[in-house]
Amino acid sequence: MFCGLQSIISSAQVVRGKVVEKQSRNPIAGVTIEVRTNERILQTLTDSLGWFKISNIPAGRCDVMATSVSYLPYTESNIIVSSGKETVMEIALEERVSMLEEVIVKQRTDKTAALNKMAIVSSRMLSMEEANRYAGTWFDPARMVANFAGVTVANDSRNDIVIRGNSPMGLLWRLDGFDIPNPNHFGAMGGTGGPISILNNNQLANSDFYTSAFPAEFGNALSGVFDLKLRNGNDEQHELMGMVGVNGVEAGAEGPLSKKSRASYMINARYSFLELMSAMGIKFVGAGGAVPEYQDVSGKINIPLKKGNLSVVTIAGASQIHIEPDMNDDNEWIPGDVGQDVRLKNLQLFTGLNYTHRFTNNTRLENRFSYQSFSQKIREDTVTWHNESRGLFFNNHFKEAQYSYSAVLSHRFSARNYISASAGANLYVTDLKDAIFRDGNERVLHDAKKNSTLIKGFVEWQHRFSDILRFTGGVYSQYYTLNKDWIAEPRAGLRWDVNARHSLSVGSGLHSQLQPKLVYFFKENDSYPNEHVKMTHSWQNVIGYDWKLAQNMRLKAEGYYQYLFKVPVIPRIPQESILNFGDEYYNNWDYAFVNKGTGTNYGIELTLEKFLSNNYYFLFTTSLYNSTYKGFDGIQRNTKFSGNYTFNLLGGYEWKISTSNILSFNTKIAYMGGKRYVPASGTMWNWMYDYSQAYTNKQPDYFRVDINVSLKNFFKKATVEAFVELDNVTNHKNIWTQYYNDNQKKIVYVYQYSFMPIGGVRVYF
């Protein structure tokens, strides 16, 4: 299990960290830690507090193993050890249920298994080191998981996560245990995606991603959960990072606040400069060629305490754009055409405090306090050909603040039994105001200043019959004070490791989600017809099989069936359903809904994956699925997101080209069924939909090839990485949307990104 590319230069680097028990988080003393490179094997033992440190490791890649007689072994392969930056790890070991007379240590670590051991099916770990190699991701976590089976993104210009044909609004974002708002620039209220992530991959640790039947600790979500983890800052020495790339200019710093207590800080800031890409002739899809501007900052403070831990997490972002179509371009516009001048500005903030208190070695209480706010301003003016006239069309100002508290009590009875329970509440302070102006008339869509509360809690239990058979069960519950809607959701899962190579798993559970606030507070005839709209529910069932083909290769198959009910549909448009909303820059929630719709998603997914070894890796995923719904008319139709098939092939190779350089080549080929649409006619900004053909037609199949080349240079006290991304290298014309322009008497196509060369440089020191 040696890495094929190891020792690069003779300068000594450090690998250190802490070993804890997976459930209780207690430190484990006396664990053997082994670091392997091609040249040497280095060992040490953890101290009484679980800490370890190994020095004199050459820069490059290495494997780290942790073994103890009482615990299942742990292995993490192909860890990058960089000059000028320490490699700091947290290793979580799982206690053996039964002790044998003779213990033979074998590598059993599943490199894709979720960090959360309550997760049984439809979950996997996102290794940030591995995912950063994927071509075409722009260092965006959402675009990284789009390479997994059953997952796609809405289009090139957005990172909305579409899971198994579900609307992207069914996704729950989590960060260090907190439910967080849409962590993307230019995100729409009620949405979960955007063109650029606020989260910085430099600060993220390995995280979990769930695509169905997730554990009871996650609620208010229908399609999946992205459970992100922020790493702690270096608690022994100060480190700096700088980067120039497609996401802008970035600067980061981390280090100890107190070496005695091991308190640490980490902060990262970013400022965009996409004007350079615009100058290169690259147009931004959905933005009319306008240049997005954004800034963000994120950070974490971690303070170990005598009987617990205190941490503070903050992310903040600002984004703005001015879209003004060139109505003077006679090649694109003719007399009678109407365009739109759009000005948008978003501000958002999240900050959370987590105080963990340990009553005993097996019992702890986590107290989570958080505040988040979202503010959006949009003004749209109509503009006619050659700017002959201009008038106000739409104006809004949305604001919402959320105050949250939750308490999570966890107790480990033994290696076999672990239980966790939680209670909490979210207070929403909502202020919505917007209106459409036509022919001198104002139509108010939202005008509400209202507060509401979501009360929630869960209980979950895991029983390990043995080291190879485990059961997880639980109940999540929530109550919404606005309309007195309440639900209790049972969940259960079972995993059986038949032997060292084969595993079977099954899972089932009920999941529910509130509607976006813009639905509840839609105003019509001086009343709010949707205040009594209930949650959407989904019963999800999954069966999975995992086959370890070789030491670094596995095949995974999953089949699933989801039934959605009490889905909001629109009596005025009986062919439509809310299941088709959630993937646009502005989603039209402005209808009176009733909970009389249903939906069905079913399919099979295959994953063939070879992890990096002998200098190369590959990942092949395929999904065959169907996604349907019934509107108010009771007729079954395909959903907007029912592309029916998706194929992804990723691969990469690394070369040692000198004693201090690693050259990496990565590529991705994506092929998937086109998105379905409702035929429309009119102008680009004022069209009419033909719902008699709702989602019958599909866009042509999507095809794209991306290439990434990077060069890591290890110097004595710094690591410099230069990279080049060549996206859509075949310049394939993937259609984003199309409509029939009544004025021009022709079908107008709007295409996704053409060939896009981008690059950047990252420095650690």
Looking at F209, does the NZ or CZ of R124 lie under 6.0 angstrom from its six-membered ring centre and within 45 degrees of the ring axis? no

Give the intermediate values and the outcome of ring-ring contact (aromatic ring centres under 6.0 Å, His included) for residues F465 and F471. CA-CA 8 Å; F465 298 94; F471 167 82; 7.2 Å; no

Nearest heavy-atom approach of Y210 to D208 is OH-OD2, 3.4 Å

Does this structure show an ion pair linking D546 with K548, if we count only N-O contacts that are shorter than 4.0 Å? no

Side chains of S122 and E558: do they bring a donor and an acceptor to under 3.5 Å? yes

List the atom pairs, with distances to 0.1 Å, where a side-chain N or O of residues 228-235 and a protein N or O form a donor-acceptor pair under 3.5 Å, not counting sequence neighbours.
unit_1, atom_1, unit_2, atom_2, d
K229, NZ, D227, OD2, 3.3
R231, NE, N202, O, 3.1
R231, NH1, E254, OE1, 3.0
R231, NH1, E254, OE2, 3.1
R231, NH2, N202, O, 3.1
R231, NH2, E254, OE2, 2.7
N232, OD1, K300, NZ, 2.9
N234, OD1, R16, NH2, 2.6
N234, OD1, E236, N, 2.8
N234, OD1, Q237, N, 3.1
N234, ND2, E86, OE1, 3.1
N234, ND2, E239, OE2, 3.0
D235, OD1, R16, NH1, 2.9
D235, OD1, R16, NH2, 2.9

What are the two closest non-hydrogen atoms of G30 and T46, and how far apart are they? N-OG1, 2.9 Å

Nearest heavy-atom approach of V15 to V81 is CG2-CG2, 4.0 Å

Take N200 and E250 through the test side-chain hydrogen bond (donor to acceptor under 3.5 Å, both in side chains) and record every step on the way to the result. CA-CA 9 Å; N200 193 290; E250 300 180 23; 2.8 Å; yes

For the pair Y545 and H502, name the ring-plane relationship: parallel under 30°, tilted 30 to 60°, perpendicular over 60°. parallel

Nearest heavy-atom contact between I33 and I54 is O-CD1, 4.0 Å

Kindly state whether the ring of F350 and the ring of F178 have centres lying under 6.0 angstrom apart. yes

Validate the cation-pi geometry between R554 and W547: distance from NZ or CZ to the six-membered ring centre under 6.0 Å, angle to the ring axis within 45°. no

Closest contact, heavy atoms only, A66 versus V31: CB-CG1, 4.0 Å

Return the set of residues passing side-chain hydrogen bond (donor to acceptor under 3.5 Å, both in side chains) with S370 (not counting sequence neighbours), or none when no residue passes. none

Does NZ or CZ of R762 lie under 6.0 Å from the centre of the six-membered ring of F139, at an angle within 45° of the ring axis? yes

Regarding N206 and E129, do their side chains bring together a donor and an acceptor under 3.5 Å, going by distance alone? no

Assess the residue pair I57 and R40 against the criterion (side chain to side chain contact (heavy atoms under 4.5 Å, CB included)); give the C-alpha distance rounded to whole Å, side-chain angles, the decisive distance to 0.1 Å, and a yes or no. CA-CA 9 Å; I57 300 173; R40 67 192 74 168; over 6 Å; no

Flag the pair F413 / Y418 as yes when their ring centroid distance falls below 6.0 Å, and as no otherwise. no

Is there a side-chain hydrogen bond (donor to acceptor under 3.5 Å, both in side chains) between S24 and N26? Walk through the geometry before answering. CA-CA 5 Å; S24 68; N26 288 326; 3.1 Å; yes

Whether the S298 and Q203 side chains hold a donor-acceptor pair (N or O, under 3.5 Å, no angle test) is what I'd like checked. yes

Looking at residues at least two apart in the chain, or sitting in another chain, which of them share a side-chain hydrogen bond (donor to acceptor under 3.5 Å, both in side chains) with T44? none

List the residues meeting side-chain contact (heavy atoms from CB on, under 4.5 Å) with D47, not counting sequence neighbours, and say none if there are none. L49, W51

Electrostatic pair D63-R36, nearest N-O below 4.0 angstrom: no

Donor-acceptor check, side chain of N499 to backbone of R501, threshold 3.5 angstrom: yes or no? yes

Suppose we screen for side-chain hydrogen bond (donor to acceptor under 3.5 Å, both in side chains). Which residues come up paired with Y476, at least two apart in sequence or across chains? Q478

Residues in side-chain contact (heavy atoms from CB on, under 4.5 Å) with T621, at least two apart? A149, T607, L619, N648

Any residue meeting salt bridge (charged side-chain N to carboxylate O under 4.0 Å, His left out) with E721, in chain and number order, not counting sequence neighbours: K712

Is it true that a side-chain atom of N147 and a backbone atom of L650 form a donor plus acceptor pair closer than 3.5 Å? no

Straight-line distance of F665 CZ to Y616 OH, nearest 0.5 Å: 16.0 Å

State, yes or no, whether a side-chain contact exists between L305 and T356 at a heavy-atom distance under 4.5 Å. no

For a 4.5 angstrom cut-off between non-hydrogen side-chain atoms, does L72 reach D467? yes

For K117, what residues pass the salt bridge (charged side-chain N to carboxylate O under 4.0 Å, His left out) criterion, not counting sequence neighbours? none

Who are the side-chain contact (heavy atoms from CB on, under 4.5 Å) partners of V20, not counting sequence neighbours? K18, R25, E90, A92

State, without any angle test, whether W655 and N615 hold a side-chain donor-acceptor pair at a distance under 3.5 Å. no

Can you confirm whether or not the ring centre of Y617 sits under 6.0 Å from the ring centre of F611? no

Can you give each donor-acceptor pair under 3.5 Å made by side-chain atoms of residues 308-315, sequence neighbours left out, with the distance rounded to 0.1 Å?
unit_1, atom_1, unit_2, atom_2, d
N309, ND2, N302, OD1, 2.8
T314, OG1, T351, OG1, 3.0

What I want to find out is whether R358 reaches E366 closely enough, with some N-O distance under 4.0 Å, to be called a salt bridge. no

Taking the side chain as everything from C-beta on, heavy atoms only, tell me whether N661 gets closer than 4.5 Å to F714. no

By side-chain hydrogen bond (donor to acceptor under 3.5 Å, both in side chains), N367 pairs with (sequence neighbours left out) Y405

Would you confirm whether R416, through its side chain, and R464, through its main-chain N or O, come within 3.5 Å as a donor-acceptor pair? yes

Is R491 reaching over with its side chain to a backbone N or O of P215, donor-acceptor style, under 3.5 angstrom? yes

S83 versus A59, closest heavy-atom pair with distance: OG-CB, 3.9 Å

Residue pair T137, D140: steps toward the side-chain hydrogen bond (donor to acceptor under 3.5 Å, both in side chains) verdict: CA-CA 6 Å; T137 63; D140 182 345; over 6 Å; no

Worked check of side-chain hydrogen bond (donor to acceptor under 3.5 Å, both in side chains) between S664 and N666: CA-CA 7 Å; S664 176; N666 304 278; 3.0 Å; yes

Between R174 and I180, is there a donor-acceptor pair closer than 3.5 Å when you use the side chain of the first and the backbone of the second? no

Residues in side-chain contact (heavy atoms from CB on, under 4.5 Å) contact with S422, at least two apart in sequence or another chain: S406, V408, F458

Approximate separation, where rounding is to 0.5 Å, of E21 CD and I91 CD1: 14.0 Å

